2 protein chains.
Amino acid sequence: MALEHAILVSLLEQPGSGYELARRFDRSIGRFWTATHQQIYRVLRRMEADGWVAAEEVAQDGRPDKKVYSAAGPGRAALAEWLREPVEPETVRHELAVKIRAAAFDDPAALTVLIAEVERHRESHSALLARYLHGEQRDFPDLGALDVQQELQHVVLRGGIEFERMNLAWLDDVLTTLRRLADGRGRGTGDREQTSGDRV
Amino acid sequence: MALEHAILVSLLEQPGSGYELARRFDRSIGRFWTATHQQIYRVLRRMEADGWVAAEEVAQDGRPDKKVYSAAGPGRAALAEWLREPVEPETVRHELAVKIRAAAFDDPAALTVLIAEVERHRESHSALLARYLHGEQRDFPDLGALDVQQELQHVVLRGGIEFERMNLAWLDDVLTTLRRLADGRGRGTGDREQTSGDRV
DNA sequence: GTTGCCTATGCAACTCGTTGCATAGGAGGA
DNA sequence: TCCTCCTATGCAACGAGTTGCATAGGCAAC
């Protein structure tokens, strides 16, 4: 459980209200740590009770008041402690991969549906990559003059960029494969029983 | 929620007991869909009650009896229906990325700890890639003679291979960056306040 | 010959995450 | 004018996932 820590990092980079955090989790830090506004509000209240963050009521004109949070001393200490703990292995959930393997046990029409779905994914990953590259241009125009915080943000961003590039290449590979199978498949042996279920 | 469907795919590829499924989820299909034995046993019971899978008690000598499950008609129908639904966007949890960004708000000693941690990750990803490549050699020796099921398994495996290659390259990038910062950092401005928290 | 690991299944308690809903004022368009 | 969307926060209920523990026989090593 590290939502607290993701929130702390975000608040250290920039204080903000629960609502603003929720928007950041949609746009920025949420690319590698997702959370809904419900989780964020609940965790913020707990963190405030524990003294990890300090809250300040801010009146606004023309819109509801907000509570602006910022990281407090105990929060920074907790973050430092967490940072020194080993990283637990991530739990992976790749639904598309399951569906691709599932398509072997369905009729050829399923392949057509799957191809459309993979194309949709390809589009969204392509748009995300474009957004990453645009953000890189905007936020890191001079790569020779970054401070430590920016260097660390940038190396994470590079990870996102390379991840999306890999994704696009793989989705193209998937599309090529699925189209080939959709063409060449008369009534193939897709339902072949009893193969090894212990494959890598 | 698609654990049921991942289990169905695994059972269609090869029937097995809850225990065997849990082992597969550690080794094979679990690379893109994780589950503990608790989840698997619970879900299997529910699936059996719903008629999605059929169970057969198998007595063994020298070890406890087991219940071997296989996918039943309603399960296949449910899988076909699920396959035609759009894939919901995956929730990402990249703890290491959060820690890298968190390191900006800690003292230089944190960088040293983080470097060791990244090296550890690099080792495990390297081992996983080797295992994927070995599994590819073992299970797909003749890439020109694959049936539909094998083609689909192989394209997913290629995704795993490319994912791990990208991971290794990025972790090397991270290590280079962290080492550079750990060297050159006197008392830098890592705590610079008020930067944009809405970066990509 | 006892210690520890492997197979095989399961209960109970807990935390985390999701979903639906509610409030409430202001902005902007049909 | 009404409808919808946006900001801003929150409650309540549910479902998913995690953790710790329990049983129980067999096998292998020390």
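In the text below, chain A, chain B and the rest are named by the order of the sequence lines, each starting its count at 1. Here the structure is a predicted model, which is why all the values come from computation and not from measurement.
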[X] [atom1] to [N] [atom2]: how many Å, rounded?
| X | N | atom1 | atom2 | answer |
| --- | --- | --- | --- | --- |
| B:R63 | D:dA28 | CZ | C1' | 14 Å |
| B:D26 | C:dC6 | CG | C1' | 14 Å |
| A:H5 | C:dC16 | NE2 | P | 11 Å |
| A:R23 | D:dC6 | CZ | C1' | 10 Å |
| B:L44 | C:dC11 | CG | P | 13 Å |
| A:L3 | C:dT15 | CG | C1' | 13 Å |
| A:F25 | C:dT18 | CZ | P | 12 Å |
| A:I40 | C:dT19 | CD1 | P | 15 Å |

Relative orientation of the end axes in the helix from C:dG1-D:dC30 to C:dA30-D:dT1, expressed as an angle to the nearest 10° (five pairs per end)
30°
Please check the phosphate of [N] (OP1 and OP2 only) for any side-chain N or O of [X] closer than 4.0 Å.
| X | N | result |
| --- | --- | --- |
| B:Y41 | C:dT9 | yes |
| B:Q60 | C:dT7 | no |
| A:S17 | D:dT9 | yes |

With a 4.0 Å cut-off on N to O distance, would you call B:R158 and B:E136 a salt bridge?
no
I'd like to know if A:R46 pairs up with A:E4 as an ion pair, taking the criterion as any Lys NZ or Arg NE/NH1/NH2 lying under 4.0 Å from an Asp or Glu carboxylate oxygen.
yes
Sequence neighbours excluded, which residues qualify as salt bridge (Lys or Arg N to Asp or Glu O under 4.0 Å) partners of B:E119?
B:R179
Report the hydrophobic cluster partners of [X], with the cluster defined as I, L, V, M, F, W, Y residues connected by side-chain heavy atoms closer than 4.5 angstrom, directly or transitively.
| X | value |
| --- | --- |
| B:F163 | A:F163, A:M166, B:M166 |
| A:V113 | none |
| B:Y41 | B:Y19 |

I need a per-nucleotide contact map over nucleotides 18-23 of chain D, read 5' to 3'. Cutoff is protein heavy atoms under 4.0 Å; write B for the base, S for backbone only, - otherwise.
BBB---
A:L175 and A:I115 have their tightest heavy-atom pair at CD2-O, 3.7 Å
When the nearest nucleotide of DNA chain C is assigned to B:P64 and to B:Y69 on a heavy-atom basis, which residue is associated with the more 5' position?
B:P64
Quick check against the 3.5 Å criterion: does B:R76 have a side-chain atom that pairs as donor or acceptor with the backbone of B:L8?
no
Look at the side chain of A:Y19 and decide which nucleotide, out of D:dA8, D:dC11, C:dG10, has an atom nearest to it.
D:dA8
Please work out whether the ring planes of A:W170 and A:H94 are parallel, tilted or perpendicular, with thresholds of 30° and 60°.
perpendicular
